[in-house]
Amino acid sequence: MPMNGYAIYITDQTSGTQIELPVNPAQVELSYETDDKSETVINLGEVNTVGHLKLTSLTIESFFPEFDGHYVSTDDLQSPEDYIEDIKDIQEEQHKVRVVISGTKISLLMTIAKFTYSMRNGNTSEYIYTLELKQYRKFSYKKNQKKLKKKTKKKTKKRSTPAKKISIGSKVKVSGRLHADSYGQGAGMYEKNAEREVIYIAPGREYPVCVGINGVARGWVKMSEVKRA
């Protein structure tokens, strides 16, 4: 470990192979992003809906030296080819890695999303590289074990076909006053038997249906004020 206590370790979670990057990068870039979505509301304009946190990404740019020097941060320097082969093996085997930066609280379970390297100025004893890693988030699927029981067919009276449900994208006819939001604020113009499409639906609100034309919202109305066209 270097004197300043700063080192980057990449550990294969399957084989246990640990790589200590030999030269600390000028910077370590972590990216945190959410999948926010924007919507257009009548008489208000564009609004932002906060989304879930996406997977964290980490980018490291540095080089693998052939010889020891003041810039080397490890006590166990390997050849550039050894570092390259270890990283490529982890990628090819589709193994997860634990990335730890000593002296910080950074400890992430990740995958090697992209690894590029090249010779600097045609010198085969020194390779520059870019390592892109992405957070691994555990997940699992559950199979539905329930088996459908066979039922004997019974003669039943024919029922009338129920009306089609109104959903996003449905073509509808609107007869009611438009509002700026689903709570009924900002009463606007009155639509009468106007052909529109459903842009958004906010269940449980007083005016839960947002209608518009060609994807552009015009306003919010009551569910009772729309019917399938």
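- Ser62 has its side chain out of reach of Leu21: every pair of non-hydrogen atoms, C-beta onward, lies at least 4.5 Å apart.
- Atoms CD and CD, from Glu92 and Gln94 in turn, are 10.0 Å apart once rounded to the nearest 0.5 Å.
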Margin query: What verdict does the side chain to side chain contact (heavy atoms under 4.5 Å, CB included) test give for Leu109 and Gln13, after you've listed the backbone C-alpha separation in whole Å, the side-chain angles of each residue and the deciding distance to 0.1 Å?
Written below: CA-CA 9 Å; Leu109 185 62; Gln13 296 298 281; 3.7 Å; yes
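- The side-chain heavy atoms of Met223 and Ile166, taken from C-beta on, include a pair separated by under 4.5 Å.
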Donor-acceptor contacts, no H, no angles, side chain residues 25-33, under 3.5 Å, sequence neighbours left out:
none

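- Hydrophobic clustering (ILVMFWY, side-chain heavy atoms < 4.5 Å, transitive): Leu53 and Val50 are in distinct clusters.
- Rounding to the nearest 0.5 Å places CD1 of Ile101 at 4.0 Å from CD1 of Ile106.
- When all heavy atoms of Pro80 and Phe64 are compared, the closest pair comes out as CG-O, 3.7 Å.
- Counting only heavy atoms from C-beta outward, the side chains of Val211 and Leu178 approach each other to under 4.5 Å.
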Margin query: Is there a ring-ring contact (aromatic ring centres under 6.0 Å, His included) between Phe63 and Tyr71? Walk through the geometry before answering.
Written below: CA-CA 11 Å; Phe63 68 96; Tyr71 46 79; 5.6 Å; yes
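- A distance of 8.5 Å separates CG in Asn214 from CD1 in Ile199, rounded to the nearest 0.5 Å.
- One distance of note links OG1 of Thr130 with CZ of Phe115; it measures 9.0 Å at 0.5 Å rounding.
- Across all non-hydrogen atoms, the minimal contact from Arg177 to Ala187 is CD-CB, 3.9 Å.
- Arg98 CZ to Gln18 CD: the interatomic distance, rounded to the nearest 0.5 Å, is 12.5 Å.
- In Tyr183, the OH atom is not crowded: 12 or fewer heavy atoms of neighbouring residues, nucleotides or ligands sit closer than 6.0 Å.
- Once rounded to the nearest 0.5 Å, the distance linking CD1 of Ile10 with CD1 of Ile112 reads 6.0 Å.
- Contact record, Ser170 with Arg228: OG-NH1, 3.6 Å, taken as the closest heavy-atom pair.
- Here the shortest heavy-atom pairing between Asn24 and Ser73 reads OD1-OG, 3.4 Å.
- Transitive grouping of hydrophobic side chains (ILVMFWY, heavy atoms separated by less than 4.5 Å) brings Leu77 and Val23 into a common cluster.
- Remark: of the listed residues Ile90, Asp12, Thr11, Ile90 is the sole one forming a side chain to side chain contact (heavy atoms under 4.5 Å, CB included) with Ile19.
- At distances below 3.5 Å, at least one donor-acceptor pair connects side-chain atoms of Tyr83 with backbone N or O atoms of Gln78.
- Distance alone, capped at 3.5 Å, places no donor-acceptor pair between the Thr111 side chain and the Lys96 backbone.
- Summarising the geometry of Trp220 relative to Pro208, their closest heavy-atom pair is CZ3-O, 3.5 Å, with the distance given to 0.1 Å.
- Applying the salt bridge (charged side-chain N to carboxylate O under 4.0 Å, His left out) test to every pair with at least one member in residues 99-113, sequence neighbours left out, gives no pairs at all.
- Looking at Leu58 and Met110, their side chains come closer than 4.5 Å, going by heavy atoms from C-beta outward.
- With hydrogens and angles disregarded, no donor-acceptor distance shorter than 3.5 Å links the side chain of Thr56 to the backbone of Gln135.
- For residues 183-204, the salt bridge (charged side-chain N to carboxylate O under 4.0 Å, His left out) pairs, not counting sequence neighbours, are Glu191-Arg196, Glu191-Arg218.
- Ile60 is not connected to Leu55 by any chain of hydrophobic side-chain contacts under 4.5 Å among Ile, Leu, Val, Met, Phe, Trp and Tyr, and they are in different clusters.
- You'll find the side chain of Glu132 stays beyond 4.5 Å of the side chain of Ser57, heavy atoms only.
- Ile213 and Val198 are assigned to two separate hydrophobic clusters, defined by single-linkage of ILVMFWY side chains at heavy-atom distances under 4.5 Å.
- Placement of Val216 and Tyr207 in two distinct hydrophobic clusters is found when ILVMFWY residues are connected by side-chain heavy-atom separations under 4.5 Å, directly or transitively.
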